[in-house]
Amino acid sequence: MTTNKPHVGVLALQGDVREHLAALESAGARVSAVRRVSELEAVDGLVIPGGESTTMSRLLDVFGLLEPLRARLAGGMPAYGSCAGMILLADKVLDGRPDQHQLGAVDMLVRRNAFGRQVDSFEADLDFAGLAEPLHAVFIRAPWVESVGADVEVLATVPDTPAAGPAAGKIVAVRQKAVLATAFHPEITGDLRVHELFVGMVSAARA
Ligand code: GLN
C-alpha cells in the first residue's frame, strides 16, 4: 500500500521539523527525519525547514552533511526550502554571516531577515503560479529574493500594495528544476498546497 509513496525527508538539525513532517504525510508522502548521511541517502526528496540558517549551516558541518547534501542536490534530488531553508538553498545571500554556507541549488540572491530583524512578521495573500486560489502566506523574520537567474521560475511575489511597504512586489517563491523555495511558512497554516506541489515534484522525479 505505502510502497508507492515518495519518501520525503526533513532536515532535522534545527527548526520546525515536526510541522513539515506532518504536512508532508498529509500531502501523501512517506516521511522521515534526516540527521545522518545514511538517512539523507535513503530519501527521494528533502525539505529544509525554517529556523536559523546560520545555525543550520554550522550543524551541517558538525553532522558531516554539508558535502553529501551538496552532492545529492547536484545529482538532481528534489528539495524544498522554507525561510531559513530558502536562504541555505540560494547561491548568494545578503546580510548573512560571512561564514555561513550556501548550498547553491538555486541561482538567486536572497536578503536574509529582509522583512525585519527579530520579532517582525508579515502576512499576505499571494497569487501562486499553478494554484487556483490565493495562498495565505506567513513570513517570520523572513528573507526575500532580490534577483534570480534566467533558469529560475518566479512562483509568487508580494502584492504591490501600500500595505506591503518595502516588501511590495518582492519575489517570495521560486523554482529551479526540482528545487522549490519559499520565504514563507506553509507548514503552519494548515494549507497543504505547497507541500502537495513538492510531493508531486518528488514523485515526478522518481518516475
Ligand atoms: N531569519 C532566519 C535566518 O536567517 C530565518 C527565519 C525563519 O526561518 N523563520 O535563517
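Residues: numbered from 1 along the sequence shown. In listed order, ligands and their atoms are each counted from 1.
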Mind checking whether [X] and [Y] have side chains closer than 4.5 Å, heavy atoms only?
X    : Y    : value
K170 : E146 : yes
F184 : T189 : no
V8   : V43  : no

Out of all atoms in ligand 1, which are within 4.0 Å of some heavy atom of [X]? Include the element for each.
X    : result
I87  : 3 (C), 4 (O), 10 (O)
S53  : 3 (C), 4 (O), 10 (O)
R112 : 3 (C), 4 (O)
I140 : 6 (C), 7 (C), 9 (N)
R141 : 1 (N), 2 (C), 5 (C), 6 (C)

Looking at ligand 1, does M56 have a heavy atom less than 4.0 Å from it?
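So M56 does not count as touching ligand 1.
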
Just going by heavy-atom distances, which of C83, G85, P143 is nearest to atom 7 (C) of ligand 1?
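Residue with the shortest heavy-atom distance to the ligand atom: C83.
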
Heavy-atom distance to atom 6 (C) of ligand 1: which of A84, G51, G50 wins?
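Checking each option, the heavy atom nearest atom 6 (C) of ligand 1 is found in G51.
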
Could you work out the complete set of other residues in the hydrophobic cluster of L94, with links drawn between I, L, V, M, F, W and Y side chains under 4.5 Å apart?
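For the cluster that includes L94, the remaining residues are L109.
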
What pairs of residues pass the side chain to side chain donor-acceptor pair (under 3.5 Å) test when at least one of them lies in residues 33-45, not counting sequence neighbours?
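Counting only pairs at least two positions apart or across chains, the side chain to side chain donor-acceptor pair (under 3.5 Å) contacts touching residues 33-45 are D44-R206.
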
Please give me the minimum heavy-atom distance between V138 and E123, naming the atom from each residue.
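Scanning both residues completely, I find the closest heavy atoms to be CG2-CD, 3.9 Å.
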
Geometry only, no angles: is S82 polar-contacting ligand 1 at N/O separations under 3.5 Å?
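Between S82 and ligand 1, no N or O pair is found under 3.5 Å apart.
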
Taking the inter-plane angle between the rings of Y80 and H20 on a 0 to 90° scale, is it parallel (under 30°), tilted (30 to 60°) or perpendicular (over 60°)?
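Rings of Y80 and H20: perpendicular, as their planes differ by over 60°.
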
